[in-house]
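Here is the structure we will look at, set down as structure tokens.
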Amino acid sequence: MQETPLCLRVGHLLPYSMSGSNTTNFTNPSTFILLGIPGLEAAHIWISIPFCAMYVIAVLGNITILFIVKREPSLHGPMYYFLCMLSVTDLVLSTSILLKTLSIFWFNSREIDFSACLAQLYFIHCFFMTESGIFVAMALDRYVAICHPLRHSTILTNLVVAKIGLAVMLRGGIVVLPYLLLARQWPYCRTNIIPHTHCEHMAVVKLACTDTNVSSYYGLFVVFCVTGLDVVFIAMSYIQILRAIFSLPTKDAQLKTFGTCGSHLCAILAFYIPRLFSSLTSRFGQHMPLHFHILSANVYLLVPPMLNPIIYGMKTKEIRGRILWLITQKGTKVFS
């Protein structure tokens, strides 16, 4: 039995639909319709619970990191400045996705303005690229701290850290800008239904009724030549770091030095592995249900902002100690 096309099944949601001979052509729709997670509409309210919990943890955790680093003068160094950049990026990234997603789940608010959709697309991909760049900067900091410890303070001065942060931010904004410009110029005459929880780049581009190969090729270029180079640079940094660690004379010194990289390595794995999994399933998992692809796309964007403050809070001695001190101080005031 032939399956009913998606645009016909949800035609009542579609002000600009195209079915049979009744075709409405439009260059730029005034709104798009986000379906959320097609096939799991009945479970939207239940899916919203872990999504909301992840967002709350991400917001509270990253704000705590920013507060502690600001209040503690001993944490005013390159590693913690990069960590603050990571926290701000995580806050923007998770907020860009979750607010609209939760409005779909809770209030069935599926419409999104065309310009707002493009803005969300830009912010999501821009800050994802920015976060990848920050991990490269943090790998550089660990490399200098372990391989050239006596020169760490002279190489990574506050001015250099600020320039690196600005360069990472500009790179993310410039690299993703063609996504926005190309998506804005395509004519959309098929449908304005996006079977997703947010305005993901390829999900929007697929709605265009023209040849969009340039968008697809540019997306692959960004994945392999930008994100791929980030991974290569991080790997090269850690090869040098491991060589320096294994050259230390004692086992205790090796473990202690490697421990300073533990939180960074965990955060890198939490960031890149879900992204790799989502990319592989989207390209080679054509037989997997649509809702699986959408859930995996949300996981790689939502899990890292939640895990990063937990990882750094647990594995970084200075931050962990400061958090425990704040908790004990609050507890003392409450019971005094």
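Nearest approach of Gly313 to Ile323, heavy atoms of both residues: CA-CD1, 4.3 Å. Between Val161 and Pro78, the shortest heavy-atom distance links the atoms CG2-CB, 3.9 Å. Closest of all the heavy-atom pairs between His291 and Pro38 is CB-O, 3.6 Å. Scanning all heavy atoms of the two residues, the minimum distance from Ile104 to Gly36 falls at CG2-CA, 4.0 Å. The two residues Ala139 and Ile241 have their closest heavy-atom pair at O-CD1, 4.3 Å. Contact between Pro304 and Phe271 at its shortest, heavy atoms only, is CG-CA, 3.9 Å.
Thr101 has its side chain out of reach of Leu302: every pair of non-hydrogen atoms, C-beta onward, lies at least 4.5 Å apart. With a 4.5 Å cut-off on side-chain heavy atoms, Leu301 and His198 count as touching. Contact of the Val222 side chain with the Met129 side chain is registered, since non-hydrogen atoms from C-beta on lie closer than 4.5 Å. At a threshold of 4.5 Å between non-hydrogen side-chain atoms, the residues Val136 and Leu140 do not count as touching. Proximity of Val160 to Ile155: side-chain heavy atoms (C-beta onward) are nowhere separated by under 4.5 Å. Counting only heavy atoms from C-beta outward, the side chains of Ile97 and Glu200 never approach each other to under 4.5 Å. By the 4.5 Å heavy-atom criterion applied to side chains, Gln185 and Leu181 are not counted as neighbours. Residues Leu66 and Leu91 meet the side-chain proximity criterion, which asks for heavy atoms closer than 4.5 Å.
Checked against the 6.0 Å centroid criterion, the rings of His264 and Tyr238 qualify as a close aromatic pair.
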Start with the C-alpha gap between Ile33 and Glu111, add the side-chain angles, then the distance that decides, and say whether side chain to side chain contact (heavy atoms under 4.5 Å, CB included) holds.
CA-CA 5 Å; Ile33 306 294; Glu111 287 193 4; 3.4 Å; yes
Side chain to side chain contact (heavy atoms under 4.5 Å, CB included) evaluation trace for Tyr312 with Ser87
CA-CA 11 Å; Tyr312 283 101; Ser87 292; over 6 Å; no
Begin with the C-alpha distance, continue with both residues' side-chain angles, and end with the deciding distance and a verdict on side chain to side chain contact (heavy atoms under 4.5 Å, CB included) for Thr197 and Phe105.
CA-CA 9 Å; Thr197 56; Phe105 290 166; 4.2 Å; yes
Please walk me through it: do Leu34 and Cys199 pass side chain to side chain contact (heavy atoms under 4.5 Å, CB included)?
CA-CA 8 Å; Leu34 292 167; Cys199 292; 4.3 Å; yes
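In this structure a side-chain-to-backbone donor-acceptor pair under 3.5 Å is missing from Ser278 to Arg275. Between the His76 side chain and the Val69 main chain, a donor and an acceptor come within less than 3.5 Å of each other. Remark: the backbone N or O of Ser96 is paired with a side-chain donor or acceptor of Gln120 at under 3.5 angstrom. A donor-acceptor pair under 3.5 Å links the side-chain atoms of Asn298 to the main chain of Ile294, judged by distance alone. Looking at Asp230, its side chain never comes within 3.5 Å of a backbone N or O of Phe135 through a donor-acceptor pair.
Atom CD1 of Ile319 and atom OG of Ser263 lie 8.0 Å apart (nearest 0.5 Å). Separation of atoms CZ (Phe127) and CG (Asp90) is listed at 11.0 Å; rounding is to 0.5 Å. Distance CG/Leu83 to CD1/Ile65: 5.0 Å, rounded to 0.5 Å. Within the model, atoms CZ of Phe123 and CG of Leu118 stand 12.5 Å from one another, a figure rounded to the nearest 0.5 Å. Note that OH of Tyr122 and NE2 of His201 are 13.0 Å apart. Values are rounded to the nearest 0.5 Å. With rounding to the nearest 0.5 Å, the separation of CZ in Phe82 from CG in Leu156 is 6.0 Å.
One hydrophobic cluster, built from ILVMFWY side chains closer than 4.5 Å, cannot hold both Val299 and Leu269; they sit in different ones. Taking hydrophobic clusters as Ile, Leu, Val, Met, Phe, Trp and Tyr residues chained together by side-chain heavy-atom distances below 4.5 Å, Leu177 shares a cluster with Val92. No continuous path of ILVMFWY side-chain contacts below 4.5 Å connects Val231 to Leu229, so the two sit in separate hydrophobic clusters. At a threshold of 4.5 Å between side-chain heavy atoms, the hydrophobic network of Ile, Leu, Val, Met, Phe, Trp and Tyr places Phe224 and Ile273 in two separate groups. A continuous path of hydrophobic side-chain contacts links Phe221 to Val204 [ILVMFWY only; heavy atoms under 4.5 Å].
The environment of CZ in Arg320 is crowded: more than 12 heavy-atom neighbours from other residues, nucleotides or ligands sit within 6.0 Å. For Tyr80, the OH atom sits in a packed shell: over 12 heavy atoms of surrounding residues, nucleotides or ligands are nearer than 6.0 Å.
Between Phe114 and Tyr188, the ring planes lie perpendicular to each other; the angle is over 60°, past the 30° to 60° tilted range.
In summary, of the residues considered (Trp186, Phe128, Tyr218), a ring-ring contact (aromatic ring centres under 6.0 Å, His included) with Tyr179 occurs for Tyr218 alone.
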